[in-house]
Amino acid sequence: MTDAPLLDARSVRKEFGGLVACDDIDFTVDRGAIVSLIGPNGAGKTTFFNILTGAEAPTAGEILFDGRDIVGLPRHKITALGISRTFQNIRLFGAMTALENVLVGLHVELNGGLFRSLFRTPLQRREEREGRAQARELLAYCGLPARAEQQYARHLAYGDQRRVEVGRALATNPKLLLLDEPTAGMNPRESLAFVEFVRKARQDRGLTVLLIEHDMRVVVDVSERVTVLHYGKKIAEGTPDEVTADEGVRTAYLGTKAPRVSGAHETREDAAEAAADGAQPLLVLEDVHVYYGSIHALKGVSLRVDPGEIVTLIGANGAGKSTTLRTISGLLRTRKGSMRFAGNDIVRASSQSIVGLGIAQAPEGRQLFSRMTVLENLEMGAFQRRDRHEIAPDLERVYELFPRLAERQAQKAGTLSGGEQQMCAIGRALLARPRLLMLDEPSMGLSPNLVDRIFEVIADINQQGTTILLVEQNAARALEIAHRGYVLETGRVTLADDAAALRSNERVRASYLGEA
């Protein structure tokens, strides 16, 4: 029995009405292996994970885990058998601390009960102490700083939230760990550290690992075998070298084209000339300080965005990039400093009035209304507009940028793939007809060919007259299309320069472009 695969899925099929998300997939994972599942957005990868964990019931097929058929078992029993997972869109309990989130995962291992919970026996108190100690060890093992254990999960940086989610998954003591886009939102240096963590976890804990991942450097570095899905079908399987050399895989999945922004240099010169002539910058932040409770998140951030520019913010997870965008949007309040947009003081302005002035944001994690259709989500972007007759042409423009949204306009947003959700989030922001469009990690969780398309769209939006402030972990691609950039480290701006100068800066190349 020990020679049999740990996971053996046979002819697994999943239909959603007339849509076949998984088309008779045969798939095995050997004990102790690290296997990657890749494919374009919408290929059926997350649906397959959902079937393995009991979140979705297959239409047909058989799934054997450690020799036992798990089809039809409830999710908690599958978890107890030894399958645990993380999610493409992080699903932590935001109003609970990092430590409490991991304790939820330990629930599988702890002996609870109504009587012991109500009367808190000595055994219960001892178990609680042991559970908390174990949760702290897991968080430390996953690389979360000790000071962050007691922070609410919603206040953690995106990368730290990923660490908490992995810690919660490990708390169930799994045999098979499923990781769905684990390096999404990480820069190359952080992704490399995660690869080392996965190898260490396998060695230390005897884990078998199955991951969905779009970063091909991670896939090639960590995987022993790779399976490729496309439109729900398995189109290739083999070693990383075999799969990346497969012509069908390259056509379906691997992006090769870097966007070229014709006129970007001229646009930057125009903006510089306008500034020299005394034209107002569109956005100016000076000495901005922001806190999460007692945590000093932004420590005197100053930056400017001129009309017609693409300006990018780069830096490690937790550096303050998303906090900066949320502060500009009015979702967070400054404790000190000034912010002006088109000559207006926006330090105390409401989010609604900031949108009315012409700032729109496509947030990290997309944050769509999952039970509303694609069209309804897009229309929410135009909620404050008074020029109702202009909304339909703007909607058509969004559909031209993202034809997939036109095809799926009646579909619930929560059923879209990650890439389709990203398109919808950007489209919703565009429907506000902003003067300044803020994009927070637009390429996160996208397949390489869709990353190409997203950056082409960003360049196109800019060329049509929209100024863009871009937060992006894919610093190399961001600096290709940006005019200027700022590097944030632990809440401070440590570098500011033209994009070309930042691309050639040795410190930036080593830290954020994935180059030694």
Side-chain angles (χ1 to χ4, degrees), residues 157-159 185-190 258-272 274-275 281-288 298-328 339 341 359 361-362 364 436-444 451 454-459 461-463 466-515:
Y158 190 88
M186 294 184 183
N187 64 39
R189 182 176 57 180
E190 294 164 331
R260 292 290 175 259
V261 189
S262 61
H265 180 67
E266 291 80 0
T267 304
R268 176 68 193 104
E269 287 186 344
D270 291 343
L282 187 61
L283 175 72
V284 178
L285 274 63
E286 293 183 349
D287 194 28
V288 169
L298 297 185
K299 305 167 184 175
V301 168
S302 297
L303 60 85
R304 82 169 197 279
V305 181
D306 293 332
E309 283 191 309
I310 299 177
V311 174
T312 187
L313 306 181
I314 64 175
N317 276 297
K321 305 181 302 297
S322 294
T323 298
T324 301
L325 297 196
R326 287 170 58 81
T327 302
I328 296 167
M339 298 191 299
F341 176 74
I359 299 178
Q361 180 177 351
E364 182 180 61
L436 174 65
L437 175 62
M438 300 196 300
L439 301 173
D440 197 349
E441 303 290 2
S443 77
M444 185 171 65
V451 169
I454 286 292
F455 278 100
E456 288 172 357
V457 166
I458 293 170
I461 292 168
N462 177 245
Q463 288 175 20
T466 302
T467 304
I468 293 173
L469 181 56
L470 171 66
V471 165
E472 178 56 60
Q473 287 290 0
N474 192 336
R477 297 301 292 270
L479 290 171
E480 282 179 357
I481 66 169
H483 305 97
R484 292 187 301 110
Y486 294 86
V487 177
L488 267 65
E489 295 180 3
T490 61
R492 293 184 174 89
V493 174
T494 58
L495 281 173
D497 213 330
D498 286 344
L502 288 176
R503 284 201 306 272
S504 61
N505 184 292
E506 291 301 322
R507 178 176 161 195
V508 173
R509 293 168 72 91
S511 296
Y512 305 113
L513 303 186
E515 300 177 18

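From a predicted model like this one, the values you see are computed outputs, not experimental measurements.
S443 and N474 share no side-chain donor-acceptor pair at under 3.5 Å.
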Under the side-chain contact (heavy atoms from CB on, under 4.5 Å) rule, what do L325 and V471 come out as? Steps first, then yes or no, please.
CA-CA 8 Å; L325 297 196; V471 165; 3.6 Å; yes

Stepwise side-chain contact (heavy atoms from CB on, under 4.5 Å) test for M339 and V284:
CA-CA 6 Å; M339 298 191 299; V284 178; over 6 Å; no

Between K321 and Y486, does a side-chain contact (heavy atoms from CB on, under 4.5 Å) hold up when you go through it step by step?
CA-CA 10 Å; K321 305 181 302 297; Y486 294 86; over 6 Å; no

Checking side-chain contact (heavy atoms from CB on, under 4.5 Å) for the pair M444/E364: CA distance, chi angles, key distance, verdict?
CA-CA 8 Å; M444 185 171 65; E364 182 180 61; 3.9 Å; yes

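Using a distance-only test at 3.5 Å, with no hydrogens or angles considered, a donor-acceptor pair links the side chain of N462 to the main chain of T466. Under the 3.5 Å distance criterion, the side-chain polar atoms of H483 are left unmatched by any main-chain donor or acceptor of E309. When atom types are taken as modelled, the side chain of R484 and the backbone of R304 share a donor-acceptor pair closer than 3.5 angstrom. One N or O on the side chain of R503 and one on the backbone of L479 form a donor-acceptor pair closer than 3.5 Å. A donor-acceptor contact shorter than 3.5 Å links the side chain of N505 to the backbone of V508.
For the pair T494 and R507, the minimum side-chain heavy-atom distance is below 4.5 Å.
Using a 4.0 Å cut-off between a side-chain N of Lys or Arg and a carboxylate O of Asp or Glu, K299 and E489 do not qualify as a salt bridge. Between E472 and R477 there is no salt bridge, since none of the side-chain N atoms of the basic residue sits less than 4.0 Å from a carboxylate O of the acidic one.
Residues passing the side-chain contact (heavy atoms from CB on, under 4.5 Å) test with T324 are L285, L298, L303, L313, I328, L488, sequence neighbours excluded. Judged as a side-chain hydrogen bond (donor to acceptor under 3.5 Å, both in side chains), and not counting sequence neighbours, the contacts of T323 are Y292.
The heavy-atom pair separating A475 from I314 by the smallest distance is CB-CG2, 3.9 Å. Between T467 and G308, the closest heavy-atom pair is OG1-N, 2.8 Å.
A side-chain contact (heavy atoms from CB on, under 4.5 Å) with I468 holds for exactly one of T312, V311, I461, I481; it is I461.
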